[in-house]
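Take a look at the structure below.
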Amino acid sequence: MQPGPDMPFDFTRPSGEPALAAPDSVSWRVFKNPVALFVGGVTAVLLELAEPRVRSGVWEHTTFRTDPVTRMRRTGLAAMVTVYGPRSKAEGLIAGVGRMHARVSGTTPAGRPYRADDPELLNWVQATASFGFLEAYHAYVASLSAAEKDRFYAEALPAARLYGATAAPASVAALEAQFDVMRPHLEASPIVHEFLDIVCNAPILPVPLRAAQRALVRAAIAITPPWLIETLGLGPEWRLGPVDARLIRLAGRVMDRVALPETPAVQACRRLGLPANHLYTRP
């Protein structure tokens, strides 16, 4: 989700300062697309909430239940700064997130202690975010090759390490290996269904697009690993229909060509002296 107008950040300055990821990266292509961000973000959170320690941390120490729109916009701003922001500001923001994580700890309902700065949990959150955004772009915007997918995971490593995810996956194979390790520890929870109800009904999208919100959530579930869908107990009511799938792909492809001047991607291109449509003219 893109940051809102109440969370201003100037991606055009300092002029010439590079980001943590390069303008020709797969990351810059993926994160510019709002359809991929919304759909992939929901997929990522489903994976995260299946892990009981992450679930407790999110549900007990954030405002997601009480103010989901603001929470999602803040998360969106952090993602945009991490990918497109000037390196110095991105590093500062990430350090601040790390300080907040260091203050978050607790115990799951099953009695298992957790800390938000636990490297194992940070690695899982990084893996799920990368998986969600990448697969959403691949499914609903433009097909990516195996090599491009591997590049995407590798490009995320410098920022991931700053966040404390020191063993984040560097390739599709590494991501699949991490899924294999974590899969036995993932579980269903009523919180997952509460989350889905929130993202279906909260005023997240602009009014003209609000009717499509539930379809976008179904699109997120469609790219979630089938074994997790079964684990979470997500039934046929969450299945994405073929008509909605075609419309979401059309929207994703259209938005991949629309260079809105105030978006982080376009501002970052201007900061680096690139044409505003640099990311929007690829074949």
Side-chain angles (χ1 to χ4, degrees), residues 1-41 72-98 126 129-130 132-138 140-163 165 168 170-171 206 251-283:
M1 185 174 180
Q2 298 280 5
D6 55 332
M7 298 178 186
F9 185 96
D10 188 355
F11 288 85
T12 66
R13 300 183 181 280
S15 179
E17 183 172 338
L20 290 170
D24 61 350
S25 64
V26 181
S27 301
W28 273 45
R29 288 165 55 193
V30 167
F31 278 86
K32 77 178 187 297
N33 191 285
V35 173
L37 292 185
F38 183 95
V39 173
M72 292 180 74
R73 284 178 177 166
R74 285 175 179 162
T75 302
L77 177 62
M80 293 297 103
V81 174
T82 299
V83 174
Y84 297 115
R87 183 185 297 266
S88 60
K89 293 186 179 180
E91 290 173 344
L93 179 144
I94 293 170
V97 171
Q126 176 64 36
S130 293
F133 295 132
L134 181 67
E135 292 304 317
Y137 190 89
H138 177 71
Y140 303 114
V141 183
S143 296
L144 297 168
S145 68
E148 288 173 320
K149 288 187 174 185
D150 281 345
R151 275 182 57 200
F152 181 82
Y153 285 106
E155 290 164 0
L157 292 182
R161 291 182 182 124
L162 291 174
Y163 275 110
S171 65
R253 290 165 185 166
V254 169
M255 293 307 299
D256 219 44
R257 299 289 185 175
V258 179
L260 299 175
E262 298 309 313
T263 58
V266 171
Q267 288 190 13
C269 286
R270 287 163 47 201
R271 185 180 79 246
L272 296 178
L274 298 169
N277 65 348
H278 172 71
L279 297 171
Y280 298 84
T281 57
R282 295 176 181 271

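Residues take their numbers from the sequence shown, with the count starting at 1. From a predicted model like this one, the values you see are computed outputs, not experimental measurements.
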Nearest heavy-atom neighbours spanning Ser25 and Ala21 = OG-CB, 4.0 Å
Drop me the distance from Tyr140's OH to Glu135's CD, to the nearest 0.5 angstrom.
-> 10.0 Å
Within-4.5 Å side-chain heavy-atom neighbours: Val30 and Glu148 | no
Backbone N or O of Ala165 within a donor-acceptor pair of the Gln126 side chain at under 3.5 Å?
-> no
Taking atom CD of Glu91 and atom OG1 of Thr82, what is their separation to the nearest 0.5 Å?
-> 10.5 Å
If you look at every heavy atom in Arg253 and Val141, which pair is closest and at what distance?
-> CG-O, 3.1 Å
Euclidean distance, Arg87 CZ relative to Leu162 CG, rounded to 0.5 Å = 8.5 Å
Do the side chain of Glu155 and the main chain of Val26 share a donor and acceptor less than 3.5 angstrom apart?
-> yes
Any idea which heavy atoms bring Ala90 and Leu20 closest together, and the distance?
-> CB-CD1, 3.9 Å
Any side-chain heavy atom of Leu144 sitting closer than 4.5 Å to one from Arg29?
-> yes
Quick one: pull up OG in Ser145 and CZ in Arg151 and give me the separation to the nearest 0.5 Å.
-> 8.5 Å
Donor-acceptor under 3.5 Å (Arg271 side chain, Glu17 main chain) | yes
On a heavy-atom basis, the closest approach of Ala19 and Val83 is CB-O, 3.4 Å
Residues passing the ring-ring contact (aromatic ring centres under 6.0 Å, His included) test with Phe152, sequence neighbours excluded, are none
Mind checking side-chain hydrogen bond (donor to acceptor under 3.5 Å, both in side chains) for Asp256 and listing every partner two or more places apart, or none if nothing turns up?
-> Lys32, Asn33, Tyr137
dist Thr75:OG1 -> Leu37:CG (nearest 0.5 Å) comes out at 12.0 Å
Ring centre gap for Phe31 and Phe133 strictly below 6.0 Å = yes
Residue pair His278 / Cys269: nearest heavy atoms and the distance that separates them = CB-SG, 3.9 Å
What are the two closest non-hydrogen atoms of Lys89 and Pro14, and how far apart are they?
-> CE-CD, 4.4 Å
Would you say Trp28's side chain and Tyr84's backbone share a donor-acceptor pair under 3.5 angstrom?
-> no
